[in-house]
2 protein chains.
Amino acid sequence: MLNRSSGTPTLEEVAALAGVGRGTVSRVINNASGVRESTRRAVQRAIDELGYVPNLAARSLAGQRAGAVALVMTKTDWRLFGEPFFSEIVSAVGDALDERGVQLLLTLVRTDSERQRLLEYVRGGRVDGVLLMSVSAEDRLPDMLADAGVPTVLLGRRSGDERVTYVDADNVGGAREAVGHLVRGGRTTIAAITGPPEMYVAQCRLRGYREALREAGFAELPSLVAQGDFTEASGRRAMTGLIERHPEVDAVFAASDSMAAGALAALHTAGRRVPKDVAVVGFDDFELAEQTEPPLTTVRQPMEEIGRAMVRLLLEEMSSPKVAWHHVILRTRLMVRGSG
Amino acid sequence: MLNRSSGTPTLEEVAALAGVGRGTVSRVINNASGVRESTRRAVQRAIDELGYVPNLAARSLAGQRAGAVALVMTKTDWRLFGEPFFSEIVSAVGDALDERGVQLLLTLVRTDSERQRLLEYVRGGRVDGVLLMSVSAEDRLPDMLADAGVPTVLLGRRSGDERVTYVDADNVGGAREAVGHLVRGGRTTIAAITGPPEMYVAQCRLRGYREALREAGFAELPSLVAQGDFTEASGRRAMTGLIERHPEVDAVFAASDSMAAGALAALHTAGRRVPKDVAVVGFDDFELAEQTEPPLTTVRQPMEEIGRAMVRLLLEEMSSPKVAWHHVILRTRLMVRGSG
DNA sequence: AATAAAGTTGGGAGCGCTCCCAGATGCCCG
DNA sequence: CGGGCATCTGGGAGCGCTCCCAACTTTATT
């Protein structure tokens, strides 16, 4: 009985209308090769006429795959959602996935029970792979997923020898470029405000700062490095201390825009003019960066590319038995604005 | 052949282990009635032993429903994601849905093509219902979904006579309470900074302001009402104009926290002290509100309840043939902080 | 022109689950 | 102690699709 013209049309109905078999229609909608062009067109016409949309459930059931991947973010990420940083990645990931006909499941992991549920989800075959937004160094989730045999790609890495596939920006290079820019601008006493030392990304950015100073032939004063925790308040505090210790400071590299904004505030309070007296450079290119007074010079990560790379690696890992960890490091770009 | 002990266990394997039929296991995992307690326990034991997780795809295919709902947000919403406003709703929605075993699909609709894709998705039966975050007045998406026969619930309404099920906060009441608070604080020249007049939510908040003035027996001066567009910059501009026109202004009700923050900045520039010279009250209770100097007194919407109500209405509409539009208006709460 | 080698196509056999009905079982009452 | 009714339980019939192999066409080769 194929003539029930009610409800959503099925593949079988398309086949009947086009006068071909199910297999052929399946090949057409999956863009598989081995279909004569004329046949393909006929099938396509039938699809359009019926307004056929493949049933996802049937597809996953028969195909033994979910046709969906999870984009997991932790509580912390959630906060940052409004930032271009994340929304751009999510957009890029969404686009790239859509092109492949893979569904994106945005998943929020805040508590341990939610983490457990994710694991269950994944093991239950509801998703074929997992994309993890920034994970902290002590988070074992990536390893658990890997152990469960689930294709996984990380955004950023937890340490220098990450054993899971990841995509990261060139934090060292970005920081070096930023500080190099300060050097070329004639600054001679360049301070740094770093992130938590246990975070790999903070280590990288600090390393870039050091390398740039060395390249410039500057001595490296430990007292010129103040530690923050990536928040605005910590940036303010760090900058205040820096001014006290080194009143002669004429530039500062902050390892995040938030801290740079804090530094800006502290400099303002201390009566220093930016960029005249002190140049400030941040990192991330958050929304915030364009709204500060003056607008922040900062290092931008190629979000679009990062998102696309993550998807590419994940799909690769999904299709072929995992043979290796892939690591992709993407170049950053210095956005020169008013602050330095 | 049931003894292939490889891969994910199936319902059939659970049934075999428990010594019952498929139907019984199905009843147990779906919490259906009509299973003897002893049988239920035996099945549960088998489920635990095998670590059985139902296959979602098979379930939707057989059950003729997707078991998922989409939470749709527009480009604008995306921006606001970091705000408690949205993340709280998403959390609440996610929790409520999880309890019902329904999957949440976070969907981003930025372009027309994405809007088209959503429609296709929905029509393709990939989701059973749609939750729409703030939609603008001229957006026809809700109607299109309704026409397609898809259960839909809106957050907020597009106009006074919205013909789709929605959940909204009591914007009028919230504004009235905020302005009433200003009145009780002894303020006599209370200005308002409104949102775009074509937005229903802006109209409501303005109405609340007017009602409160009327209640207090104050005359309503049109020149005391300045228009903004919910952004910080517009709030700053509006406040500057207000100060020029009415140097005697001693309080301002801003229809959003962002605009209130802008007003704060403008007042600061003009040398007015807050709350001594001018009291400021916002609306939304965004993250921002606690960080301003001084912290912003504002109107908070019951996000948790809003999210839960949306889910409840959606599930209701999904299970029963749509017979009526449901409208739920939730009470707001005035958060009194330092600014007024 | 015959035969081999590609290139195409149809459709059977499930994927794991829900729905639903027939059959089995248990229980109460006369 | 048997009939009748309510309560449980088993399993057949799909849900719509992909995979895959056999069958059929077309084209190239000798």
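As the structure is a computational prediction, the values presented were derived from the model and not from experiment. Letters A, B, ... are given to chains in the order of the sequence lines, protein chains preceding strands, and every chain is numbered from 1.
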Among D:dG10, C:dG16, D:dC15, the one nearest A:Leu61 by side-chain distance: C:dG16
Could you tell me how far apart B:Asn31 (CG) and C:dT18 (P) are, to the nearest whole angstrom? 12 Å
Strictly by salt bridge (charged side-chain N to carboxylate O under 4.0 Å, His left out), give each pair with a member in residues 302-313 of chain A just once, sequence neighbours left out. A:Glu99-A:Arg308, A:Glu304-A:Arg308, A:Arg312-A:Glu316
Within a strict 4.5 Å, meaning less than it, do heavy atoms of the A:Arg40 and A:Asn31 side chains meet? yes
Output a table of nitrogen or oxygen pairs between the protein and nucleotides 21-27 of chain C separated by less than 3.5 Å.
none

For a quick check of understanding: with a heavy-atom distance under 4.0 Å over all strands, which category does B:Gly19 fall into, base, sugar-phosphate or nothing? sugar-phosphate
Of B:Gly23 and B:Ala58, whose closest DNA chain D nucleotide lies nearer the 5' terminus? B:Gly23
Grab the CZ-P distance between B:Arg40 and D:dT9 for me, whole Å please. 10 Å
Would you say C:dT9 has OP1 or OP2 under 4.0 Å from some side-chain N or O of A:Thr24? no
Does A:Asp161 have any side-chain hydrogen bond (donor to acceptor under 3.5 Å, both in side chains) partners at least two apart in sequence or in another chain, and if so, which? A:Ser159
Between C:dG14 (C1') and A:Gln64 (CD): distance, integer Å: 9 Å
Taking OP1 and OP2 of C:dT18, is either one under 4.0 Å from a side-chain nitrogen or oxygen of B:Ser26? yes
Nearest-angstrom distance from the residue atom OH of B:Tyr52 to P of C:dG16: 10 Å
Could you tell me whether A:Thr39 contacts a base, only the sugar-phosphate backbone, or nothing, with contacts defined as non-hydrogen atoms closer than 4.0 Å? sugar-phosphate
Pairs under 3.5 angstrom only: tabulate donor-acceptor contacts from the side chains of residues 56-65 of chain A to other protein residues two or more places apart or in another chain.
from    : atom 1 : to      : atom 2 : distance (Å)
A:Arg59 : NH2    : A:Asn30 : OD1    : 3.4
A:Ser60 : OG     : A:Leu56 : O      : 2.7

With rounding to the nearest 0.5 angstrom, report the OG1 to CE distance, B:Thr152 to B:Met144. 11.5 Å
Among C:dC19, D:dT18, C:dC17, which nucleotide sits nearest the side chain of A:Ile29? D:dT18
Pairs meeting criterion side chain to side chain donor-acceptor pair (under 3.5 Å) with involvement of residues 137-149 of chain B, two or more places apart: B:Arg115-B:Asp139, B:Ser136-B:Glu138, B:Arg140-B:Asp143, B:Asp143-B:Arg158
Closest to the A:Thr10 side chain, choosing from C:dG10, D:dC17, D:dT18: D:dC17
Whole-Å distance between D:dG14 P and B:Arg65 CZ? 20 Å
Taken to the nearest 0.5 Å, the spacing of B:Thr165 OG1 from B:His326 NE2 works out to 6.0 Å
When the distance from CD of B:Glu12 to P of D:dG14 is rounded to whole Å, what number comes out? 17 Å
Whole angstrom is fine here: how far is it from CD in A:Glu37 over to P in C:dT8? 10 Å
Whether A:Glu37 and A:Arg41 form a salt bridge (side-chain N of Lys/Arg under 4.0 Å from carboxylate O of Asp/Glu) is what I want to check. yes
Should B:Asn55 be listed as having a side-chain N or O under 4.0 Å from OP1 or OP2 of C:dC15? no
B:Arg22 vs D:dG10: side-chain N/O to OP1/OP2 distance below 4.0 Å: no
Five pairs per end, C1' atoms only: what is the angle between the end axes of the helix from C:dA1-D:dT30 to C:dG30-D:dC1, to 10 degrees? 40°
Nearest-Å distance for atom pair CG/P, residues A:Leu11 and D:dT18: 6 Å
For the side chain of A:Val35, counting heavy atoms from C-beta on, which of C:dT9, D:dG10, C:dT18 is nearest? C:dT9
Does any part of the side chain of A:Tyr52, heavy atoms only, come nearer than 4.5 Å to the side chain of A:Val43, both counted from C-beta? no
Are B:Asp168 and B:Leu330 side-chain neighbours, meaning at least one heavy-atom pair lies under 4.5 Å? no
